[in-house]
2 protein chains.
Amino acid sequence: MDLREKIIASSLRLFSEKGFHGVSVQDLVNDSMTSKGGFYHHFSSKDELLYVIHDKFISYVLSEAHSAKEKYDRPMKQLHEILKASVHVFDLYNEHITVFYQENKYLKQEYEEIIKQKRNEFKRIIYEVINDGQQSGDFRESLPPTITTMSILGMVNWTYKWYQRDGDKNIEQVSSVYIDLLMHGLLTDEALKDYERSSLYAELNF
Amino acid sequence: MDLREKIIASSLRLFSEKGFHGVSVQDLVNDSMTSKGGFYHHFSSKDELLYVIHDKFISYVLSEAHSAKEKYDRPMKQLHEILKASVHVFDLYNEHITVFYQENKYLKQEYEEIIKQKRNEFKRIIYEVINDGQQSGDFRESLPPTITTMSILGMVNWTYKWYQRDGDKNIEQVSSVYIDLLMHGLLTDEALKDYERSSLYAELNF
DNA sequence: GCGTACAGACCAACCAGTCGGTCTTAGTGA
DNA sequence: TCACTAAGACCGACTGGTTGGTCTGTACGC
């Protein structure tokens, strides 16, 4: 692991524990066993480091969401796959996500705009699936798609506040509950029957 | 409005906009048109001000949740009422909540413990309703109550990230969607029929 | 000998909190 | 009624400590 990665690893641990403002560049430098010079050789500022962490996570979750969506044609199945993949990311990038949601207020405007765009794209993917699903008859039409999108995002994103890798529930159990709850919540009676007959339902892990 | 309230009002606006660390005591003092002396006459530290904001919100939401729960005996109806009341608080205390969830990492330990206790009590109320409802047959038993509780909390709490008082959706529409989604997600087929026949369902505002 | 990777002393800016002081108001006693 | 006192409310210059970032080096591979 080179120095740049060591600094990022230290910052992830320290930022997610004490917050961006609770950790000084000197703390970072001590923890990763380098120096101020070393730090500023790799990053132009403390703010850039914060941006790098943000971008690494959001870019990853975005690519996962895209490929999950492309895997199926039917909205019901797309949603299943997107939920599964997005929640799984919380297992891999738990610390990135904690920093992402805790400290995004402190991103400098130039960085903020790049991140915002990617975050909106993620939102758009889910919105489209909901919308398509209402048109195709998978999802109940009485649900307004904007609020529904935010409900789903809330349920999923909140995971970072309480989920622990070494807790008594694993991430597949978590995503199974989200999927089960949301499928019952969203699907029409007929689509729900289809869903419960499908292989996707069978592989849920309670 | 006395000076203490003016300082709190300024801090709510500035903290929720720029974050706790993005606002200095001097900024606060300028905005509320007082002085360092005035500030420290009313608050022992910047941290105490942060605590006061936290406590005001969490104490309110807790009392609302308690009285919502006491209003009915049947878990299904208790949940309906708790969701409605909790989401409504987001309309009243939007700025408090933003500060609460954004800056709770930076609460000093002495304050943190008081807040944590109240937050856990809120969690416990929902957990109990879910648990009671599974025993009474209102809620599907295949859902693990812990993860289910956190799913609900996530959906509700995330509201602060996107809801705007002057947006095109009002808070009753938001809570109606949450309630509709969750009732379909949680209730057994029979309980759902009961629910849709009830007056609570009739008053939902889509 | 030249560019890249890193070291660490140093600095200017900022910030939470202090402290000596003023102004207002309420109470008291003659 | 008025002089005096005490206390609470508020003021703002000042301080000690911390922090992000800079700058002058140095070691080393090519």
Would the base of D/dG21 count as contacting A/Lys46 through its side chain, where contact means a donor and an acceptor less than 3.5 Å apart?
no
Tell me whether A/Gln78 contacts the main-chain N or O of A/Tyr72 through its side chain, where contact means a donor paired with an acceptor under 3.5 Å.
yes
Using atom CD of B/Glu5 as one end and atom P of D/dA9 as the other, report the distance to the nearest whole Å.
14 Å
Does A/Val29 reach a base, just sugar-phosphate, or nothing at all? Heavy atoms under 4.0 Å.
nothing
Counting only side-chain nitrogens and oxygens, does A/Ser24 get under 4.0 Å of the OP1 or OP2 atom of D/dT18?
no
Rounded interatomic separation in angstrom, taking CG from A/Asn30 and P from D/dG20:
12 Å
So, does A/Asp180 use its side chain to make a donor-acceptor pair with the main chain of A/Val177 at under 3.5 Å?
no
Looking only at side-chain N and O atoms, does A/His42 come under 4.0 Å of OP1 or OP2 in C/dC6?
yes
Ignoring the backbone of A/Thr34, work out which of D/dA9, C/dA7, C/dG17 is nearest its side chain.
C/dA7
Can you tell me the distance, in whole Å, between the CG atom of A/Leu3 and the P atom of C/dG8?
13 Å
Is any side-chain N or O of A/Ser35 closer than 4.0 Å to OP1 or OP2 of C/dG8?
no
Test the B/Lys77-B/Tyr195 pair against the cation-pi criterion, namely NZ or CZ under 6.0 angstrom from the six-membered ring centroid and within 45° of the ring axis.
no
Please check this pair: side chain of B/His41 against backbone of B/Gly37, looking for a donor-acceptor N/O pair closer than 3.5 Å.
no
C/dG8 C1' sits how many Å from A/His41 NE2, rounded?
16 Å
If I take atom CG in residue A/Leu28 and atom P in nucleotide D/dT19, what distance separates them, rounded to the nearest angstrom?
12 Å
Quick one, B/Glu113 with B/Gln109, criterion side-chain hydrogen bond (donor to acceptor under 3.5 Å, both in side chains). Give me CA distance, side-chain angles, the key distance, then yes/no.
CA-CA 6 Å; B/Glu113 271 160 33; B/Gln109 209 194 341; 3.2 Å; yes
Protein-nucleotide distance (A/Gln26, atom CD; C/dC10, atom P), rounded to Å:
14 Å
Would you mind reading off the distance between A/His21 atom NE2 and C/dC14 atom P, rounded to a whole angstrom?
16 Å
Contacts of A/Phe39 and B/Lys36 projected onto DNA chain D by closest heavy atom; the upstream (5') one is B/Lys36
Round to the nearest Å and state the distance from B/Lys6 atom NZ to D/dA9 atom P.
16 Å
